[in-house]
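Quick notes on the structure that follows.
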Amino acid sequence: MSLVLTKPAEAPAPVASRRGWLTPALCVVAVLLQVLFLKPVDPSALGSFGLIGALPPAVLVALVVLTAAFVLEVRSARPRTWLLAAAVVLAVLGMYGLPPLTEPVARLPVAWLHAGWTDYIGTHGTVLHNFDARFSWPAFFGAAAWLTKLAGISSTTALLAWAPPVLTGLAAVGVHAVATAVLGRGRAPWLAAWAFLCVNWVEQDYFSPQGLAFLLYLGALAVVFRWLCDDTDPKRRVLASCGLVLLILALAPSHQVTPFALAAILAVLTVTRRLKVPWLLAIAILAPLTWLVVGASDYWVGHLQVLTGGIGDLSGSVQQNVQERVGGDPGRLTVLGFRFGLTGLIGLLAAAGWWGLRTPRGRRPVVLAVVAVVPAGLVALQSYGGEMLLRSYLYSLPLLCTLAGAGLDRWLRSTRGRRLVPVALVAVLGAAAVLLVGARGGNDGYVAFRKSDQTVVSEAYRLARPGQHISSLTAYAPLNWAQVGEVKQGSLERTCVPSADEGSCVGRIGPDFVIVNQAQDNYGVTLLGLRAGWTETVRAQLVSSGEYREQLRDGDSVLLVHQSGGSR
């Protein structure tokens, strides 16, 4: 039996009471609101609410206006594809483009680290062995290095700021393709893509291996549901099988977890006999395992316990993924509430959408519901440093949004409450778009940086000699984007507990350079309950001790240099 669903036999969507110019006019109004009211943001001044607390209300109103334009167009008798696509592009820019449009430099410390690794491969032509586990899956870094060199870009850091909106825009295309493969062409895939944009708060779309791997994952799902779960033409099935094998082989050296999420979905489809080419499951399992054993030996040799120790430890995994992440001041808890709310919303919309669907035999698609949630099982296998729950949510989103798109389409087609339904839909999706800005930008008080933060790190690179240590009080500084493998760079947080008395601990360790900035201070205030200004107290302690001198100050971004001149 095919997994691809038949379209419900419902009344056609009512013609929206509008003229042809109203939808594009609303799009123009949304753009004007963004252009006129959007202004630069100083990340150091952001509180625990993050970016949303610094945005003018008109910028958020623009998202609701854009949502109204999309709903108005999608419920019309003949939606214009170009206008729906334009609305989606504007939504990507309006929701995911806010950080690069308002903040001075790229955010997220790990993105800067990935830039450094990419440039290392571009310079040396090889990975740095026995350096970091993520170097054992180098496909993304190698591809990015090649593209950077091809484009004539001197440093990969130039790509960091706009990576999230670009990757998310491509992912929205992928979600549309998955929904089309399952539901057929029409309004539902557009609604699925819009729902994806409104609930994708996990921020795995930065310059990273998982950002690229997720696009490959979406491509694989689209191929599976379009050509490999249906009795299609044998030649097309062979071509689709070859395409899926290529995607699986590309995924294996790209990311540690994503190939196994795909394998879990293929396993369900194989066991239930929906997958018409069952040997593909063997490829999906063997390819990442083979890479793990052969290509990623630097990762697991001597550290096998790290790889296998968490298998089956569900309680430990839940503790790392949930309990250790839920905390902070009231603003932080509000941001977490945004995230939980968006997760619950897509769950409810998906459940409602699934309830109204039928297979060609008139049954509800149980298998589709199972494959939508099966990635959650990965949490029982590994905590993945406390991030597996986030990854599982991301892997489930394409099919959850597909189900949600089906439900939203059915509501728009309904003749009941034909005027109230679109209004309610605008209210729900518009509110979700606003909450997404709060959910994604909630950490920007400490993950977003200023130009001065980059300046003091650049000065440290200029002074540092091979083998020396550049450290920060916490992990929130733009480090590791240069001199990878030459200079040791990292946070002191695991060794010295962040506090106003941290100076003595830092002094005992004696790193050659210490980076102090406002992002680290905001992190301590928001998540650890420290008093504002605690990093300045630590800086003063280090200077007054006579062990460090202030080499450079740019605003409240400071570079401290050990009095030994870093020769120890």
Side-chain angles (χ1 to χ4, degrees), residues 41-55 57 59-60 95-96 98-99 102-103 106-111 164 198-206 318-346 383-391 393-394 431-450 453 472-478 491 493-494 497-500 502 516-538 556:
V41 169
D42 180 3
S44 66
L46 297 178
S48 55
F49 285 99
L51 182 60
I52 195 171
L55 294 174
V59 173
L60 303 178
M95 288 186 267
Y96 296 79
L98 288 175
T102 60
E103 296 170 356
R107 55 205 290 278
L108 297 174
V110 68
C198 290
V199 299
N200 178 25
W201 58 263
V202 293
E203 284 206 276
Q204 297 301 312
D205 46 19
Y206 60 95
V318 171
Q319 180 177 357
Q320 290 190 51
N321 280 269
V322 180
Q323 294 181 9
E324 295 181 4
R325 288 180 171 270
V326 178
D329 65 10
R332 167 69 177 178
L333 294 177
T334 300
V335 170
L336 292 176
F338 293 163
R339 296 169 182 172
F340 289 136
L342 291 173
T343 303
L345 174 63
I346 194 61
S383 67
Y384 199 63
E387 291 191 2
M388 188 61 85
L389 194 59
L390 301 181
R391 304 297 173 87
Y393 173 72
L394 180 66
V434 173
L435 291 181
L436 181 88
V437 174
R440 284 182 63 94
N443 299 345
D444 279 21
Y446 52 92
V447 303
F449 305 118
R450 299 165 300 172
D453 297 331
S472 55
L473 302 181
T474 72
Y476 299 100
S491 168
E493 184 173 356
R494 291 188 177 181
V497 178
S499 70
E502 189 180 354
V516 182
N517 62 18
Q518 187 61 36
Q520 298 171 58
D521 198 86
N522 290 348
Y523 164 75
V525 172
T526 301
L527 269 74
L528 306 179
L530 301 178
R531 289 188 176 184
W534 68 273
T535 54
E536 175 60 22
T537 302
V538 175
D556 48 19

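The shown structure was predicted, so the numbers you read here are calculated from the model rather than taken from an experiment.
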Taking atom CH2 of W201 and atom CG of L336, what is their separation to the nearest 0.5 Å? 8.0 Å
With no hydrogens and no angle check, is any side-chain donor or acceptor of R107 less than 3.5 Å from a backbone partner on V447? no
If I take atom CD from residue E203 and atom CG from residue D205, how far apart are they, to the nearest 0.5 angstrom? 6.5 Å
Looking at G438 and V335, what are the two nearest heavy atoms and their distance? O-CG1, 3.8 Å
Contact check, side chains of L528 and V497, non-hydrogen atoms, under 4.5 Å: no
Between A477 and S472, which heavy-atom pair has the shortest distance, and what is it? CB-CB, 4.1 Å
Quick one: pull up CZ in R531 and CD in E536 and give me the separation to the nearest 0.5 Å. 16.0 Å
Minimal heavy-atom distance between S491 and A475, with the atoms involved, is OG-N, 3.3 Å
Checking Y476 against N522 for the side chain to side chain contact (heavy atoms under 4.5 Å, CB included) test, could you report, in this order, the C-alpha distance in whole Å, the side-chain angles of both residues, the deciding distance, and whether it holds? CA-CA 9 Å; Y476 299 100; N522 290 348; over 6 Å; no
Salt bridge D453-R450, side-chain N to carboxylate O under 4.0 Å: yes
Side chain to side chain contact (heavy atoms under 4.5 Å, CB included) for L530 and Y523? Distances and angles first, verdict last. CA-CA 9 Å; L530 301 178; Y523 164 75; over 6 Å; no
How long is the gap from CG on D444 to CZ on F449, to the nearest 0.5 Å? 10.0 Å
With a 3.5 Å distance limit and no angle check, can you tell me whether R440 reaches the backbone of N200 through a side-chain donor-acceptor pair? yes
Which pair of heavy atoms, one from R332 and one from N443, lies closest together, and at what distance? NH1-OD1, 2.6 Å
Minimum heavy-atom distance between T474 and P498, given as atom pair plus value: CG2-CG, 4.1 Å
Return the set of residues passing side-chain hydrogen bond (donor to acceptor under 3.5 Å, both in side chains) with T535 (not counting sequence neighbours), or none when no residue passes. D521
Report the residues that fulfil side-chain hydrogen bond (donor to acceptor under 3.5 Å, both in side chains) with Q520, sequence neighbours left out, ordered by chain and then residue number. N517
Working for side chain to side chain contact (heavy atoms under 4.5 Å, CB included), residues V434 and V437: CA-CA 5 Å; V434 173; V437 174; 5.8 Å; no
Applying side chain to side chain contact (heavy atoms under 4.5 Å, CB included), run through R339 and Y393 and close with a yes or a no. CA-CA 11 Å; R339 296 169 182 172; Y393 173 72; over 6 Å; no
What are the two closest non-hydrogen atoms of W534 and V525, and how far apart are they? NE1-N, 4.2 Å
